[in-house]
Amino acid sequence: MNSHVTNQISLFLDRELSEDERREVGEHLITCAECRRAHDEEKAGRELARVMSGEDAPPSVWAGIESKLGQAEEEDRARRRRARILKPALAFGVAIIAMVLAAPFYIYLTSDEEQAAERPVEGPVWTIEETQGDPSTSGSGNTIAAGEVIETDASSSARIAVGDIGRVDVAPNSRVKIVSTSETEKRMSLERGRLKAEIVAPPRLFIVDTPSAKAVDLGCAYTLDVDENGNSRLHVTSGYVALETEGLESYVPAGAFCESRKGKKLGTPFFGNASDLLKKSLADFDFGDGGPNAIDTIIRESVRKDTLTLWHLLEKVPEAKRAEIVAKILEYLELPEGVTVDGLIRLDEKMMMDLRSDLEVLWYEEPGWFD
Amino acid sequence: MRENESESDLIAAGRAGDRAAFEELFRRNQRQVFSVALNFFGGNRQTAEDISQQVFLKFFLALKKFRGDSQVSTWLYRITINLCIDEQKKRRRFSFFSELFENDDETPLEIDEATDKRLELTEEVRKAVAELKPIFRAPLVLKHVEGMSYEEMARVLDISEGTVASRLSRGHRMLAEKLSHLQ
């Protein structure tokens with residue numbers, strides 16, 4: 001065995017290798033000082049880590065859970081009571097009005113508990129925590145609910161509390177519509193302007209639609225702009241976001257940008273500190289007629305962190321160019337176990353995800369990550 | 001007491017709003033959740049308690065969606081790790097990172113010298129582990145505190161076993177470097 005075995009030392013120490021593999025690694029360790037040093041370091045780290053231990057949770061944890069479950073049940077009961085309130089039905093059409101003389105018509109939604117639970121129920125209204133200037137809103141007072149709109153002019157802005165998971169700042173000259181405030185989906189639509197979101201929630205709970213894509217929160221903070229043509233620009237400042245449109249997805253970590261243009265394919269993510277030439281070539285490739293020359297420039301200009309851009313490009317370029325991209329990525333990272341160059345050129349889904357998992361370590365080093 | 005009831009029976013009862021079934025599910029799984037959070041955050045008990053409460057609240061409120069195609073424990077581990085990472089990000093964002101290293105205001109226990117030294121070492125290792133990036137920290141905690149196999153870690157962390165191995169390897173080596181004065 002000539003190549004180093006550092007990526008197998010963990011498996012070696014945990015006896016997860018076959019007898020033959022184990023013998024090969026062992027023989028290599030005898031002759032290779034570099035791998036032996038890595039082996040000794042890892043072994044020392046393991047000895048230390050073994051002293052970590054578990055403990056039972058103190059009784060106060062269950063007491064707190066019981067108390068909060070009680071609150072949640074009370075809120076649920078209140079929602080069900082509201083759902084039973086008489087609501088006006090839609091008036092019949094003109095022909096029917098002629099027949100029944102436009103009689104007012106009311107129905108009970110239902111008093112059946114099961115049916116009420118299955119019907120989509122919007123969550124509580126959100127609070128507009130702060131305003132500057134005089135933004136207009138179709139909500140009442142300092143609250144805003146699903147279906148309502150907030151609009152700012154050049155001299156106004158607003159801050160919305162997104163339930164208990166974070167907040168959204170609506171910048172001047174922006175229009176935002178609240179789509180859903182439910183427990184399972186918190187969603188709004190940025191029709192134009194800019195918003196800044198800071199969210200701490202399970203992935204995919206918070207979504208912002210724009211005319212050209214949707215931004216799906218994966219645990220993050222970001223700024224989203226929509227111009228007068230409906231084109232979007234996403235800048236992630238913490239965590240990561242998925243920008244999605246028509247079944248395509250760009251995975252955008254902190255420090256990176258991604259654009260989408262109405263009627264065009266989804267843009268490729270790039271880090272803000274990428275070279276100007278890379279950014280220009282990427283825009284030509286994504287939205288212009290850059291073609292092979294643009295791809296060559298992007299590959300040539302890419303450095304360590306631009307593997308973010310390269311990884312996404314693998315799925316977008318002709319097969320003949322994929323080998324060059326993989327070769328560039330290999331300048332910065334060894335392929336993970338089980339991932340092959342051929343597999344990546346074939347765009348094998350599992351190998352692509354395994355490669356991304358390892359590349360994320362390079363991307364995380366961008367300021368703003370949680371290291 | 002419901003310790004003899006199967007997990008699936010408890011889940012069915014929990015879905016119907018049976019609080020005692022919730023409590024039994026909590027009793028069976030609390031140690032794993034609290035232990036992971038405690039070691040993830042350098043031994044900070046207050047944070048581990050907060051995380052544990054959030055984990056079980058999410059679990060109970062989402063119980064109706066549990067498809068039963070994985071064990072409750074796997075699901076809880078996944079929620080725990082995700083919440084720990086979210087909490088870490090929140091701390092960084094609001095510059096609360098120093099909290100990790102504050103001492104809990106607890107009455108000291110009466111312990112012998114050998115135990116005292118072991119506890120000191122445990123605390124030092126926990127704090128060093130808490131300085132690692134979460135992607136390296138999570139597999140270390142799951143392996144050494146929960147004794148998970150590569151397959152289990154891969155399932156909980158939603159990564160391949162090869163990635164688990166490489167992250168464990170780097171995590172162990174970084175830990176050894178941070179605590180080189182102890183070797």
Side-chain angles (χ1 to χ4, degrees), chain A residues 6-11 13-14 16 38 40-58 60-62 64-66 68-69 72-73 183-184 198 200-203 219-221 237-239 334 336-339 350 353-354 357-358 360-361 364-365 368-371, chain B residues 17 19 22-23 26 30-36 38-39 45 48-49 52-53 56-58 60-61 82 85-93 118 121-122 125-126 128-129 133-135 140-141 143-146 150 159-160 162-163 165-166 168-177 179 182-183:
Chain A
T6 46
N7 60 353
Q8 292 185 69
I9 289 174
S10 195
L11 297 163
L13 289 169
D14 281 319
E16 294 274 342
D40 293 347
E41 278 174 4
E42 178 159 356
K43 207 169 169 189
R46 281 164 178 261
E47 290 301 320
L48 290 162
R50 278 198 188 105
V51 306
M52 286 192 291
S53 56
E55 294 177 22
D56 282 335
S60 56
V61 172
W62 174 250
I65 291 168
E66 269 207 305
K68 285 178 177 153
L69 280 174
E73 284 170 1
E183 289 301 315
T184 53
E198 284 196 15
V200 178
C220 60
T237 51
S238 171
E334 283 181 28
E337 190 178 306
V339 176
K350 184 175 181 309
M353 294 312 291
D354 284 349
S357 278
D358 274 20
E360 280 173 21
V361 177
Y364 289 160
E365 291 168 8
W369 263 96
F370 45 87
D371 52 343
Chain B
R19 186 70 64 81
F22 279 166
E23 189 169 2
F26 169 81
Q30 50 81 20
R31 185 181 174 88
Q32 67 172 72
V33 170
F34 184 75
S35 299
V36 168
L38 183 68
N39 286 281
R45 284 180 168 67
E49 286 186 32
S52 300
Q53 282 195 3
F56 282 102
L57 283 167
K58 276 184 186 298
F60 293 150
L61 296 173
N82 287 342
I85 290 173
D86 285 347
E87 177 65 20
Q88 181 71 80
K89 282 188 274 188
K90 196 162 65 178
R91 279 161 183 256
R92 178 170 173 86
R93 201 174 305 154
R118 181 161 179 84
L121 177 64
T122 302
V125 169
R126 278 177 173 166
V129 168
K133 290 180 185 176
I135 57 169
L140 246 64
V141 171
K143 176 176 174 57
H144 292 290
V145 180
E146 296 302 302
Y150 282 67
I159 55 180
S160 70
T163 305
S166 68
L168 273 178
S169 184
R170 289 188 63 181
H172 284 130
R173 287 159 64 187
M174 286 188 277
L175 185 64
E177 194 181 335
L179 298 175
L182 296 177
Q183 295 163 44

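If you're wondering where the values come from, they're calculated on a predicted model, not measured in any experiment. Note on naming: letters A, B, ... go to the chains in the order of the sequence lines (proteins, then strands), and numbering restarts at 1 for each one. Because only heavy atoms are used, hydrogens play no part in the values below, and waters and symmetry mates are left out as well, while side chains stay in.
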Among the options [options], pick out the one with the most heavy-atom pairs lying under 4.5 Å from chain B.
{"options": "M353(A), E337(A), E16(A)", "result": "E16(A)"}
{"options": "P336(A), A49(A), A38(A)", "result": "A49(A)"}
{"options": "L11(A), N7(A), T6(A)", "result": "L11(A)"}

Do D358(A) and S166(B) make a side-chain contact, defined as non-hydrogen atoms from C-beta onward lying under 4.5 Å apart?
yes
Does a side-chain heavy-atom distance below 4.5 Å link R19(B) with E66(A)?
yes
Proximal component of [X], with respect to chain B [non-hydrogen, under 4.5 Å]:
{"X": "K350(A)", "answer": "side chain"}
{"X": "E55(A)", "answer": "both"}
{"X": "E47(A)", "answer": "neither"}

Would you say [X]'s side chain and [Y]'s backbone share a donor-acceptor pair under 3.5 angstrom?
{"X": "R50(A)", "Y": "H144(B)", "result": "no"}
{"X": "E41(A)", "Y": "R173(B)", "result": "no"}
{"X": "N39(B)", "Y": "G54(A)", "result": "no"}

Side chains of E49(B) and S60(A) only: does a donor on one sit below 3.5 Å from an acceptor on the other?
yes
Please determine whether a side-chain nitrogen of the Lys or Arg among K58(B) and E183(A) lies less than 4.0 Å from a carboxylate oxygen of the Asp or Glu.
no
Spacing of [X] atom [atom1] and [Y] atom [atom2] [to the nearest 0.5 Å]:
{"X": "I65(A)", "Y": "L57(B)", "atom1": "CD1", "atom2": "CG", "answer": "5.5 Å"}
{"X": "D14(A)", "Y": "Y150(B)", "atom1": "CG", "atom2": "OH", "answer": "3.5 Å"}
{"X": "H172(B)", "Y": "K43(A)", "atom1": "NE2", "atom2": "NZ", "answer": "13.0 Å"}
{"X": "L168(B)", "Y": "I9(A)", "atom1": "CG", "atom2": "CD1", "answer": "13.0 Å"}
{"X": "I159(B)", "Y": "E360(A)", "atom1": "CD1", "atom2": "CD", "answer": "9.5 Å"}
{"X": "W62(A)", "Y": "E23(B)", "atom1": "CH2", "atom2": "CD", "answer": "5.0 Å"}

Considering all heavy atoms, the nearest T122(B)-S53(A) contact
CG2-OG, 4.5 Å
Go through the steps for Q30(B) and V61(A) under the test side-chain contact (heavy atoms from CB on, under 4.5 Å), then give the verdict.
CA-CA 9 Å; Q30(B) 50 81 20; V61(A) 172; over 6 Å; no
Greatest number of heavy atom pairs closer than 4.5 Å to chain A - which of G171(B), G162(B), A165(B)
A165(B)
